[in-house]
Amino acid sequence: MNSIKIWMAMIVLLSLTSCNAQIKNAKTENVKIYGNCEMCESTIENAGNIKKVASVDWNKDTKMATLIYDSSKTNSDEILKRIALAGYDSDNFLAPDDVYAKLAECCQYDRVNKTAIVKTEAIEDHTMHQSEMVDEKVEIKQDEHPLKAVFDTYFILKDALVASNGTLASAKAKDLLTAIDAVKMEKLTSDAHTVWMKVMKGLALNAGHIEGTKDISLQRTHFITLSDPMYQLLKASKQETPIYYQHCPMANNGKGANWLSKESNIKNPYYGAQMLTCGSTLETIE
């Protein structure tokens with residue numbers, strides 16, 4: 001029996017070591033997250049994980065989670081906030097009551113901190129700090145849509161690809177990652193929040209790929225898969241001005257690829273000056 005436990009411990013250690021090697025600037029923290037079962041484990045880990053940015057390993061028996069994350073791109077508060085918004089309390093952040101109520105019966109754990117004061121100050125201070133980081137690149141006002149910085153940096157990134165400027169595209173993808181990290185999820189509408197929870201990992205993953213290279217052809221490939229979740233997010237969010245969902249039939253090795261633009265005129269991010277006006281508008285989002 002003891003040998004089995006030793007082997008299990010070794011497997012966990014090896015998996016954490018492998019994860020640690022994939023995540024740059026890795027920082028590790030152990031925190032308590034409340035939950036009951038294997039279904040909870042899956043939800044908690046899926047909510048917290050972002051490929052090559054953050055990894056969560058939760059133990060249903062001890063209720064302890066090991067967080068490993070890139071300290072240059074995120075922190076434990078951001079991870080725990082995502083987990084809370086998925087329905088699971090920690091000692092730092094409580095899940096919204098309505099989200100907790102929607103958990104499966106087997107997942108509804110005893111909320112030992114239910115009457116405790118939620119650390120809203122920590123949330124507000126952190127999101128304010130993140131917003132200030134985005135303000136260096138994109139001006140944000142208090143009354144603006146909570147996803148405005150994400151959309152704005154996407155459009156700036158698209159323009160860099162239209163200009164075939166790989167260095168600028170890499171820099172703007174970094175701005176997009178900062179904007180994604182700064183989203184105040186508690187201010188999203190119900191529809192936007194549902195979509196955000198589904199797409200935020202994909203957005204961060206593809207923005208990270210674009211940031212990580214100055215090769216314009218690779219950046220354009222990742223922009224294809226970045227644009228689909230961005231389209232879903234825009235559709236779930238009310239827009240002050242029309243947004244144009246556009247299509248190039250030649251991109252993606254002739255399979256076609258889409259993008260979003262604030263302009264009705266076609267300016268193709270997949271070919272730039274080579275085929276600047278190649279494409280058409282599929283949909284106007286208002």
Side-chain angles (χ1 to χ4, degrees), residues 49-53 73 137-138 145 147-181 183 191-192 194-286:
N49 291 346
I50 297 177
K51 189 175 180 180
K52 294 186 179 180
V53 175
K73 294 182 178 179
K137 302 295 181 181
V138 178
H145 192 289
L147 293 170
K148 186 177 187 302
V150 173
F151 297 145
D152 284 350
T153 47
Y154 168 88
F155 293 126
I156 295 171
L157 170 59
K158 184 265 298 179
D159 290 341
L161 295 176
V162 170
S164 299
N165 189 329
T167 300
L168 182 61
S170 174
K172 296 310 174 185
K174 184 177 181 179
D175 291 347
L176 178 55
L177 281 169
T178 303
I180 290 168
D181 190 47
V183 169
D191 289 345
T194 299
V195 175
W196 177 253
M197 294 301 292
K198 292 179 181 177
V199 306
M200 64 179 180
K201 292 180 183 179
L203 291 174
L205 176 64
N206 286 290
H209 284 318
I210 295 170
E211 181 201 0
T213 180
K214 293 180 175 62
D215 184 323
I216 194 72
S217 62
L218 288 176
Q219 290 173 333
R220 285 168 168 159
T221 297
H222 292 301
F223 190 70
I224 293 172
T225 47
L226 174 71
S227 293
D228 179 59
M230 192 68 71
Y231 167 74
Q232 296 176 47
L233 198 58
L234 269 160
K235 288 280 286 183
S237 308
K238 187 175 180 180
Q239 302 302 308
E240 294 180 359
T241 57
I243 301 297
Y244 302 94
Y245 189 47
Q246 298 174 331
H247 175 77
C248 172
M250 301 295 293
N252 196 19
N253 296 318
K255 298 175 185 177
N258 304 327
W259 74 93
L260 295 151
S261 176
K262 293 194 288 186
E263 304 172 73
S264 58
N265 294 337
I266 300 296
K267 293 184 179 179
N268 193 313
Y270 300 117
Y271 289 100
Q274 289 182 324
M275 288 192 287
L276 185 62
T277 59
C278 175
S280 60
T281 297
L282 299 177
E283 182 182 351
T284 301
I285 305 169
E286 296 180 295

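All values derive from a computational prediction rather than experimental measurement.
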Original post:
Can Asn258 and Ser227 be said to form a side chain to side chain donor-acceptor pair (under 3.5 Å), step by step?
Top reply: CA-CA 7 Å; Asn258 304 327; Ser227 293; over 6 Å; no
Subject >> Nearest-0.5 Å distance, OG of residue Ser170 to CG of residue Asp215 >> reply: 11.5 Å
**OP:** Flag the pair Tyr154 / Phe223 as yes when at least one side-chain heavy-atom distance between them is below 4.5 Å, and no otherwise.
**Re:** yes
Original post:
What distance separates Met230 CE from Asn206 CG, expressed to the nearest 0.5 Å?
Top reply: 10.0 Å
Subject >> Heavy-atom pair of closest approach, residues Ala179 and Thr153 >> reply: CB-OG1, 3.9 Å
Subject >> Met197, CE: over 12 other non-hydrogen atoms inside 6.0 angstrom >> reply: yes
Subject >> Validation row: Tyr244, Asn265 side chains within 4.5 angstrom (heavy atoms) >> reply: no
Run the side-chain donor-acceptor check on residues 274-286: report pairs under 3.5 Å with partners two or more places apart or on a different chain.
{"unit_1": "Thr281", "atom_1": "OG1", "unit_2": "Gln246", "atom_2": "NE2", "d": "3.3"}
{"unit_1": "Glu283", "atom_1": "OE1", "unit_2": "Tyr231", "atom_2": "OH", "d": "2.6"}
{"unit_1": "Glu283", "atom_1": "OE2", "unit_2": "Lys235", "atom_2": "NZ", "d": "2.5"}

**OP:** Could you pull out the closest heavy-atom pair between Gln219 and Ala169, with the gap in Å?
**Re:** OE1-CB, 3.5 Å
Subject >> Donor-acceptor under 3.5 Å (Tyr271 side chain, Cys248 main chain) >> reply: no
**OP:** Measure the CD-NZ distance between Gln239 and Lys262 for me, rounded to the nearest 0.5 Å.
**Re:** 10.5 Å
**OP:** First locate atom CG of Asp228, then atom CG of Leu203, and finally report the distance between them rounded to the nearest 0.5 Å.
**Re:** 9.5 Å
**OP:** Using ring pair (Phe, Tyr, Trp, His ring centres under 6.0 Å) as the criterion, list what pairs up with His209, not counting sequence neighbours.
**Re:** His222
**OP:** Evaluate the side-chain proximity of Val195 to Lys198: yes if any heavy-atom separation is below 4.5 Å, no if none is.
**Re:** no
**OP:** Could you pull out the closest heavy-atom pair between Leu177 and Gly208, with the gap in Å?
**Re:** CD1-CA, 3.8 Å
Original post:
So, for Ala207 and Leu226, which heavy atoms are closest and what is the spacing to 0.1 Å?
Top reply: N-CD1, 4.3 Å
Side-chain polar contacts of residues 155-166 - donor-acceptor pairs under 3.5 angstrom, sequence neighbours left out - could you list them?
{"unit_1": "Lys158", "atom_1": "NZ", "unit_2": "Ser261", "atom_2": "OG", "d": "3.4"}
{"unit_1": "Ser164", "atom_1": "OG", "unit_2": "Arg220", "atom_2": "NH2", "d": "2.8"}
{"unit_1": "Asn165", "atom_1": "OD1", "unit_2": "Thr167", "atom_2": "N", "d": "3.3"}
{"unit_1": "Asn165", "atom_1": "OD1", "unit_2": "Leu168", "atom_2": "N", "d": "2.9"}

**OP:** Mind checking the OG1-OH spacing from Thr221 to Tyr270? Nearest 0.5 Å is all I need.
**Re:** 9.5 Å
**OP:** Measure the spacing between CD1 of Ile243 and CG of Leu234 and express it to the nearest 0.5 Å.
**Re:** 6.0 Å
Original post:
Do the non-hydrogen side-chain atoms of Leu233 and Phe151 ever get within less than 4.5 Å of each other?
Top reply: yes
